[in-house]
Amino acid sequence: MEGDAGKDLGCQKTMDGKASNRNGSAKKIPSCCLKAKASAPELEAKCHSTVVSGWFTESQSLPDKAGKKVFFNNPMWPGEAHSLEVKNILFKGKSEYQEVLVFQSSTYGKVLVLDGIIQLTEKDECAYQEMIAHLPLCSLPSPKTVLVVGGGDGGVLREISRHNSVELIDICEIDQMVIDVSKKFFPELAVGFEDPRVQVHVGDAVEFLRNAPPGKYDAIIVDSSDPVGPAQELVEKPFFETIARALRPGGVLCNMAESMWLHTHLIEDMISICRETFKGSVHYAWASVPTYPSGVIGFLVCSTEGPPVDFVKPINPIEKLEGAPKHKRELRFYNSEIHSAAFALPSFLRREVNLLRDPPTATQQICIS
Ligand code: SPD
């Protein structure tokens, strides 16, 4: 791994316009590039060489046929780009699934990037990892069995391990390189792997869930990358069905659910699939994460039919769990107040994703009033 630092990830173009790797052999273009190419056919889909003149950006400008610079960016957030100043590149590599980049930024600490998209920075990872773990786990009286889908950096494991009631933490991550890179460069996150309750499974989560005994888990947390490339399947109905099957009655799912500013249609689709699939409740919450596109990220929380789950008012408040607020390190973002506040939605989102469609339950009345 060390030897790779500073190497060009090189999704270069050959004379015939096909993508090639460094030694010139033909290379499969990732689906995200193909989508981008389809939305901007005048450009060749160029992979994720993302550091230009000392700045990392989730998009880049490329010359069109007339030599004019055209902004080429991720199809998930067309027309915008966030940049971070790069102090130095610590690692560049290519796994079987994606390109992996780690750099030291000037203002956000170390940054992990997969396929050209920021996954976390040392400065603001606390908001995402703490929320995606404690929104579901503080909504259950005494969670015991938890599955993490994705989450190979270990940050979500670190957060789950604050809960002493938990006896088993399975994690299914598709990409061993993400785990290795996190252990090397992000020890504050990878510390999550040290908990003896953690069982690591490297492989396809869809397959893993298909083989899981029905009703095995109290909570499933889907900490995926965006639904382009390897995470595409993780927003589709069959995936949610396998999750519902693997949860016990009254079990909960917390799923990364993108930005309300950029992805209202995707959120709407996810909510409608989840309403069909999870017969308990379905809610949307959000948090501020400055280095994610538009500066916010959402969480879809759902429960299966069974003992009702009131997501808005944590029944298992973290402040009352012995040792939890300081376990491994102090909580930086999450507390019970922010938990409830996360379910307050802007009016446009309530309308656009039709969150008022069902007659509001007592819980929803609190959340939407
Ligand atoms: N747009 C980026 C969304 C990334 C979500 N996954 C982050 C992984 C951190 N554990």
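This structure is a prediction, so every number in the text was calculated from the model and none was measured.
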Pairs touching residues 112-151 that satisfy ring-ring contact (aromatic ring centres under 6.0 Å, His included), sequence neighbours left out:
Y128-Y292, Y128-F299, H134-H163, H134-Y334
Any chance CD of E236 has more than 12 other-residue heavy atoms, nucleotides or ligands included, within less than 6.0 Å?
yes
Measure across P136 and M131 and return the closest heavy-atom pair with its distance rounded to 0.1 Å.
CD-O, 4.0 Å
Does NZ or CZ of K110 lie under 6.0 Å from the centre of the six-membered ring of F103, at an angle within 45° of the ring axis?
no
Approximate separation, where rounding is to 0.5 Å, of T107 OG1 and K123 NZ:
6.5 Å
Any donor-acceptor pair under 3.5 Å linking the side chain of D124 with the backbone of T291?
yes
In terms of hydrophobic clustering (I, L, V, M, F, W, Y; side-chain heavy atoms under 4.5 Å; direct or indirect links), are I315 and I338 co-clustered?
no
What's the verdict on side-chain hydrogen bond (donor to acceptor under 3.5 Å, both in side chains) for D170 and Y217, showing C-alpha distance, side-chain angles and the deciding distance?
CA-CA 9 Å; D170 276 332; Y217 296 105; 2.5 Å; yes
Mind checking what makes salt bridge (charged side-chain N to carboxylate O under 4.0 Å, His left out) contact with D195, not counting sequence neighbours?
R197
Is any side-chain heavy atom of I117 closer than 4.5 Å to one of D226?
yes
Separation of T304 OG1 from L247 CG (nearest 0.5 Å):
5.5 Å
Can you name the side chain to side chain donor-acceptor pair (under 3.5 Å) partners of E194, sequence neighbours left out?
none
Please determine if E276 and K237 form a salt bridge, counting it only when a charged side-chain N lies under 4.0 Å from a carboxylate O.
yes
Closest approach of A127 and V289, non-hydrogen atoms and distance?
CB-CG2, 4.1 Å
Please check if atom NZ in K320 has more than 12 non-hydrogen atoms from other residues, nucleotides or ligands closer than 6.0 Å.
no
Passing candidate, side-chain contact (heavy atoms from CB on, under 4.5 Å) with I221, options L253, L157, V146:
V146
Starting at CD of E173, measure out to CG of D204 and round the result to the nearest 0.5 Å.
11.0 Å
Surrounding CG of L168 (heavy atoms of other residues, nucleotides or ligands, distance under 6.0 Å), is the total greater than 12?
yes
Regarding D175 and Q98, do their side chains bring together a donor and an acceptor under 3.5 Å, going by distance alone?
yes
Establish whether F193 and V191 are linked, either directly or via other cluster members, by ILVMFWY side-chain heavy-atom contacts under 4.5 Å.
no
Shortest non-hydrogen separation from T145 to K216 and the atoms involved:
OG1-O, 2.9 Å
Spacing of I318 atom CD1 and E130 atom CD [to the nearest 0.5 Å]
8.0 Å
When H327, K328, K326 are each screened for side-chain contact (heavy atoms from CB on, under 4.5 Å) with E330, the one that passes is K326
Are S272 and D269 close enough that a side-chain donor and a side-chain acceptor fall under 3.5 Å?
no
Separation between CG of L112 and CG of L120, rounded to the nearest 0.5 Å
5.0 Å
Does E337, at its CD atom, have more than 12 non-hydrogen atoms belonging to other residues, nucleotides or ligands within less than 6.0 Å?
no
From the list Q119, R332, R158, side chain to side chain donor-acceptor pair (under 3.5 Å) partner of E125 resolves to R158
The reported gap from CG in L349 to OH in Y284 (rounded to nearest 0.5 angstrom) is 6.5 Å
Hey, can you tell me if F185 and F91 have their rings parallel, tilted or perpendicular (30° and 60° cut-offs)?
tilted
